[in-house]
Amino acid sequence: TVSATGALSAQDNVDISSKITGRIVEVLVKENQHVNAGDVLVRLDATSLNATLAQMQAKLHNAQANYERNLNLLNRGAISQSTFDSVEADYLVAKSNYEKAASDVNDTVITTPISGYIIGKPTPVGQTISSGISTPQVIMSVATLDNMEIEALVDESDIGQVKDKLLPTMTARTEIIINEANDVTIVPLNCIYSEGNRRYVKVYNEKTKETRDVDVKLGLTSDSEVAVTATGLSIGDKLLVKKAVSKQSSNRMGPPPMH
């Protein structure tokens with residue numbers, strides 16, 4: 001395996017923002033809460049927008065009545081086409097303004113487009129949220145945790161061995177499987193002794209207080225362990241650990257510790 005440290009994130013992640021500028025008056029979710037698609041997350045203050053909607057509705061009502069009256073006059077030949085066209089334009093503008101006002105009111109209720117979990121703390125009540133096309137203000141994020149991905153920093157010397165692609169905020173440690181071995185025994189690296197090309201371990205017998213050397217064939221190696229194949233080595237055997245030798249202690253002799 002190759003050890004690497006990276007950032008863990010969800011593949012399906014949505015930043016929730018507002019289509020309009022407004023002040024948050026209600027937050028209905030909290031961090032790590034599960035939500036379903038369509039659930040209401042936040043409500044913005046709609047007081048002024050509701051007032052504008054009422055005004056636009058009244059104007060639309062008057063414009064529609066004037067439109068219908070002038071249409072009747074046009075059919076009777078009582079007014080010119082140009083006069084009717086002007087009335088019709090006023091009606092279409094009033095209708096468009098009403099639909100815009102109604103849309104703004106609807107946009108004060110912010111819902112989630114996907115099912116998932118609330119990531120991080122939502123923007124609190126009282127905050128004014130600004131809308132924007134290029135860089136909208138993020139109110140909160142919703143992520144589906146079924147499919148996670150990680151961006152990991154892998155040492156240049158190991159990256160060539162990685163066959164599976166890693167993709168991209170929690171910090172995580174990952175182990176990338178670059179090879180596998182079955183029916184082998186795993187021993188600590190510091191239990192492997194060397195003499196020329198020979199590799200062996202020292203097996204300690206607690207009853208007789210004796211040790212015996214067992215030749216091993218090394219296999220896959222990690223930072224601290226190695227897979228070995230050997231005859232005469234069983235799971236549970238106690239192995240002697242090589243004693244670390246420094247310049248200050250190189251002349252000292254003593255029995256090595258056991259593992």
Side-chain angles (χ1 to χ4, degrees), residues 9-147 168:
S9 62
Q11 287 184 325
D12 299 322
N13 185 82
V14 176
D15 289 332
I16 305 298
S17 57
S18 177
K19 296 179 182 179
I20 61 173
T21 297
R23 181 174 58 87
I24 296 177
V25 294
E26 188 177 11
V27 178
L28 290 85
V29 294
K30 57 185 179 181
E31 185 177 6
N32 297 329
Q33 179 178 334
H34 183 268
V35 293
N36 295 314
D39 284 354
V40 177
L41 305 176
V42 171
R43 286 192 173 93
L44 305 181
D45 185 8
T47 304
S48 61
L49 294 177
N50 279 326
T52 300
L53 178 61
Q55 293 175 0
M56 295 301 103
Q57 187 175 26
K59 290 183 178 181
L60 176 59
H61 178 75
N62 292 334
Q64 184 173 5
N66 191 37
Y67 169 81
E68 291 175 352
R69 181 171 60 253
N70 279 269
L71 178 60
N72 185 44
L73 293 174
L74 177 67
N75 291 334
R76 290 162 51 191
I79 60 172
S80 65
Q81 183 65 47
S82 60
T83 299
F84 175 76
D85 290 344
S86 177
V87 172
E88 185 180 36
D90 290 341
Y91 165 66
L92 293 177
V93 169
K95 183 179 180 182
S96 176
N97 289 340
Y98 170 77
E99 290 173 348
K100 173 63 168 59
S103 176
D104 286 346
V105 171
N106 289 336
D107 288 339
T108 61
V109 179
I110 300 174
T111 61
T112 173
I114 66 171
S115 298
Y117 291 85
I118 304 299
I119 305 300
K121 292 184 178 180
T123 303
V125 171
Q127 287 277 72
T128 298
I129 302 300
S130 59
S131 61
I133 298 176
S134 57
T135 55
Q137 184 174 348
V138 177
I139 303 173
M140 67 184 72
S141 296
V142 178
T144 301
L145 305 184
D146 295 336
N147 297 312

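Numbering starts at 1 and runs along the sequence shown. Keep in mind that this is a model prediction, so the values were computed, not measured.
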- Ignoring hydrogens and angles, state whether a donor on the side chain of Arg69 or Asn72 is under 3.5 Å from an acceptor on the partner side chain. no

Go through the steps to decide whether Asp90 and Asn66 satisfy the test side-chain contact (heavy atoms from CB on, under 4.5 Å), and finish with yes or no.
CA-CA 9 Å; Asp90 290 341; Asn66 191 37; 5.7 Å; no

Sequence neighbours excluded, the answer for side-chain contact (heavy atoms from CB on, under 4.5 Å) partners of Asp85 is Gln81, Glu88

Closest non-hydrogen atoms of Pro124 and Ile24, given as atom of the first, atom of the second and distance, are O-CD1, 3.8 Å

Hey, is the main chain of Ser131 close enough, under 3.5 Å, to the side chain of Thr21 for a donor-acceptor pair?
yes

Here the gap from Thr123 atom OG1 to Leu41 atom CG, rounded to the nearest 0.5 Å, amounts to 11.5 Å

So OH of Tyr67 and CG of Leu92: to nearest 0.5 Å the spacing works out to 7.5 Å

Taking every heavy atom of Gly126 against every heavy atom of Arg23, the minimum-distance pair comes out as O-CG, 3.6 Å

Taking every heavy atom of Ser18 against every heavy atom of Ile20, the minimum-distance pair comes out as OG-O, 2.6 Å

Should Leu44 and Ile110 count as side-chain neighbours, where that means a heavy-atom distance under 4.5 Å?
-> yes

**Study point:** Tyr117 atom OH, over 12 foreign heavy atoms within 6.0 Å
**Key:** no

Ile118 and Lys30 have their tightest heavy-atom pair at CB-O, 3.4 Å

The side-chain contact (heavy atoms from CB on, under 4.5 Å) partners of Asn36 (sequence neighbours excluded) come to His34, Asp39, Ser115

What one should report as the nearest heavy-atom pair of Val29 and Val40 is CG1-O, 4.4 Å

Is a side-chain donor or acceptor of Thr108 paired with a backbone partner of Val105 at a separation under 3.5 angstrom?
yes

(request) Report yes or no: does Thr111 contribute a side-chain atom to a donor-acceptor pair with the main-chain N or O of Gly38 at less than 3.5 Å? (result) no

With sequence neighbours left out, the residues meeting side-chain contact (heavy atoms from CB on, under 4.5 Å) with Lys95 are Leu60, Tyr91, Glu99

CD of Gln64 to CG of Leu71, rounded to nearest 0.5 Å, is 11.5 Å

Report, one line per pair, each donor and acceptor closer than 3.5 Å where one atom sits in a side chain of residues 47-57; sequence neighbours left out.
| from | atom 1 | to | atom 2 | distance (Å) |
| --- | --- | --- | --- | --- |
| Thr47 | OG1 | Asp45 | OD1 | 2.7 |
| Asn50 | ND2 | Ala46 | O | 3.2 |
| Thr52 | OG1 | Ser48 | O | 3.1 |

Taking every heavy atom of Ile79 against every heavy atom of Asn70, the minimum-distance pair comes out as CD1-O, 3.3 Å

Residue set satisfying side-chain contact (heavy atoms from CB on, under 4.5 Å) with Gln137, at least two apart, ordered chain then number -> Ile129, Ser130

Residues at least two apart in sequence or cross-chain that pass salt bridge (charged side-chain N to carboxylate O under 4.0 Å, His left out) with Glu68, listed by chain then number, are none

CZ of Arg76 to CG of Leu73, rounded to nearest 0.5 Å, is 5.5 Å

- Task: Show your reasoning for whether side-chain contact (heavy atoms from CB on, under 4.5 Å) applies to Val14 and Thr112.
- Result: CA-CA 9 Å; Val14 176; Thr112 173; over 6 Å; no

